[in-house]
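Notes follow the structure.
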Amino acid sequence: MVRKKRLNRLGTGLFTFISIFYVLPVVVVLFNSFKKKSYINLEPFKLPNETTFTGLDNYATAINQYDFLKAVGWTVFITVGSVLVILICTSMCAWFITRVRTRVTKAIYILCVFSMVVPFQMVMFTLSLVTDRLGLGTPWGLIIIYLGFGAGLAVFMFCGFVKSIPIEIEEAAMIDGCSPIRTFFSVVLPIMKPTYISVGILETMWIWNDFLLPYLTLDIKKYKTISIVIQYMKGSYGRVDMGAIMAALIMAVIPVVIFYLSCQKHIIKGVAAGAVKG
């Protein structure tokens, strides 16, 4: 009993230390976003005082000078559109390849799983060339590209969950006159809600924070995401607007942190639900 209490205390202390270690950088960025940019490099770990405090000037600079709100709009459009397309297409694909057992569906599943293993650096140059040739350098084209890169994990998780759904439920719906499409949207999709939520959260956090894919594919003169705008705050000849960067980072992090904290319990529920059968 005494040993168990000691282990619990040790685990609690370790968890607290790790939590502080991960939260500390965000806190440092937060109070640096209220400093004058000349003091951020000189006193990065000190709280703002009467001399260094600049109020919301850094946030105003990021919004007005670097067109941050427009970047937020494009990022929201790309993230929401990509996640919706990924969820609908990959869930239908997973349901089909799980219920229809052929060599073709098995090959599709293997290719989806294999896509998670291939490093992005192997395809980035070819991807850039194909994007230019097909005219996909727009937010609408980027949604299609995200579907390709996000399908592997989504299909893998959806397949695991579909295997846990009793096929008798679908057979009963078809006996009642439901077509395969109606069976999926009326019967299967509501049951898959936990996995929908967990896959949606994971894909949202990835797409919202992604830099390389938009940078390689988008026409940057017309469309910029949040990550690209933050990169462009670093000017030429080594000039860096640290104040605006800190403010932009906080504005970029807050929405996804709130979204994650409000939905994190569904990640474990969805993963556990998909791991019932494999």
Side-chain angles (χ1 to χ4, degrees), residues 78-165 167 170 180-181 184 188-189 191-218 225 227 256 260 266-278:
I78 292 170
T79 302
V80 173
S82 300
V83 171
L84 289 177
V85 171
I86 289 172
L87 290 177
I88 296 298
C89 293
T90 57
S91 60
M92 295 180 71
C93 176
W95 180 61
F96 177 77
I97 65 180
T98 303
R99 295 300 187 224
V100 180
R101 299 296 185 94
T102 64
R103 292 183 178 179
V104 175
T105 57
K106 185 179 291 186
I108 294 173
Y109 179 76
I110 292 173
L111 288 174
C112 289
V113 174
F114 179 73
S115 67
M116 295 189 295
V117 183
V118 178
F120 179 73
Q121 289 79 4
M122 289 184 62
V123 299
M124 58 187 296
F125 295 109
T126 306
L127 172 66
S128 180
L129 179 62
V130 172
T131 301
D132 292 338
R133 295 281 179 86
L134 299 180
L136 297 176
T138 64
W140 300 271
L142 186 56
I143 290 175
I144 299 174
I145 296 171
Y146 271 124
L147 172 61
F149 279 93
L153 175 63
V155 168
F156 177 75
M157 293 185 66
F158 279 125
C159 282
F161 187 84
V162 171
K163 291 176 183 178
S164 68
I165 301 176
I167 195 172
E170 301 168 30
I181 297 296
F184 175 78
V188 179
L189 193 149
I191 300 175
M192 296 171 70
K193 182 180 176 182
T195 307
Y196 259 86
I197 296 174
S198 58
V199 172
I201 293 170
L202 296 175
E203 300 288 358
T204 298
M205 295 181 66
W206 163 52
I207 296 172
W208 180 272
N209 295 311
D210 191 29
F211 169 75
L212 261 182
L213 211 52
Y215 189 77
L216 288 173
T217 58
L218 287 179
T225 60
S227 55
V256 73
Y260 176 77
H266 298 288
I267 295 180
I268 299 175
K269 186 186 297 185
V271 172
V276 175
K277 291 184 181 180

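Every heavy atom of this structure was used, including side-chain atoms; hydrogens, water molecules and symmetry mates were not.
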Handout entry: Test item: L84 and V80 side chains (from C-beta on) under 4.5 Å apart, heavy atoms
Key = yes
Practice task
Say whether, by atom type as modelled, one donor and one acceptor occur between the side chain of S82 and the main chain of T79 under 3.5 angstrom.
Solution key: no
Problem - Side chain to side chain, W206 and D210, heavy atoms closer than 4.5 Å - result: yes
Practice task
Indicate the ring-plane relationship of F156 and Y109, choosing parallel, tilted or perpendicular according to the 30° and 60° boundaries.
Solution key: parallel
Completion exercise
Note: P139 and L218 closest approach over all heavy atoms is N-CD2, 3.7 Å
Completion exercise
Minimal heavy-atom distance between G150 and E203, with the atoms involved, is O-OE2, 3.1 Å
Practice task
Kindly compute the distance separating CG (L147) from CG (L142), expressed to the nearest 0.5 Å.
Solution key: 11.5 Å
Practice task
Decide yes or no for S128 and Y215: does some side-chain heavy atom of the first lie under 4.5 Å from some side-chain heavy atom of the second?
Solution key: no
Practice task
Check whether more than 12 heavy atoms from other residues, nucleotides or ligands sit under 6.0 Å from atom CZ of F211, and answer yes or no.
Solution key: yes
Handout entry: Flag, side chain of T105 to backbone of V100, donor-acceptor distance under 3.5 Å
Key = yes
Problem - Pairwise side-chain contact, F184 with R99, heavy-atom cut-off 4.5 Å (strictly under) - result: no
Practice task
Could you go through the side chain to side chain contact (heavy atoms under 4.5 Å, CB included) check for L216 and T131 one step at a time?
Solution key: CA-CA 9 Å; L216 288 173; T131 301; over 6 Å; no
Handout entry: From OG (S91) to CE (M157), nearest 0.5 Å
Key = 12.5 Å
Exercise for the section: Side-chain contact test, heavy atoms from C-beta onward, threshold under 4.5 Å: evaluate it for I207 versus I78 and give yes or no. Expected result: yes
Practice task
Supply the atom-to-atom distance I88 CD1 to M92 CE, rounded to the nearest 0.5 angstrom.
Solution key: 8.0 Å
Handout entry: Nearest atoms (heavy-atom pairs only) where T90 meets L87
Key = OG1-O, 3.7 Å
Exercise for the section: Taking all non-hydrogen atoms of both residues into account, name the closest pair between W95 and P180 and its distance. Expected result: CH2-O, 3.4 Å
Practice task
Could you tell me whether F120 and F149 have their ring centroids closer than 6.0 angstrom?
Solution key: yes
Practice task
Side-chain contact test, heavy atoms from C-beta onward, threshold under 4.5 Å: evaluate it for L189 versus Y196 and give yes or no.
Solution key: yes
Handout entry: Euclidean distance, L127 CG relative to T217 OG1, rounded to 0.5 Å
Key = 6.5 Å
Exercise for the section: Taking the side chain as every heavy atom from C-beta outward, state whether I191 and F161 have any pair of such atoms under 4.5 Å apart. Expected result: yes
Problem - Heavy-atom check, side chain of C159 versus side chain of V155, under 4.5 Å - result: yes
Fill in the blank from the handout: dist I86:CD1 -> F158:CZ (nearest 0.5 Å) comes out at 10.0 Å
Practice task
Look up atom CD1 in I97 and atom CG in L111, then write down how far apart they are to the nearest 0.5 Å.
Solution key: 10.0 Å
Exercise for the section: Output yes when a side-chain donor or acceptor of T126 lies under 3.5 Å from a complementary backbone atom of V123, and no otherwise. Expected result: no
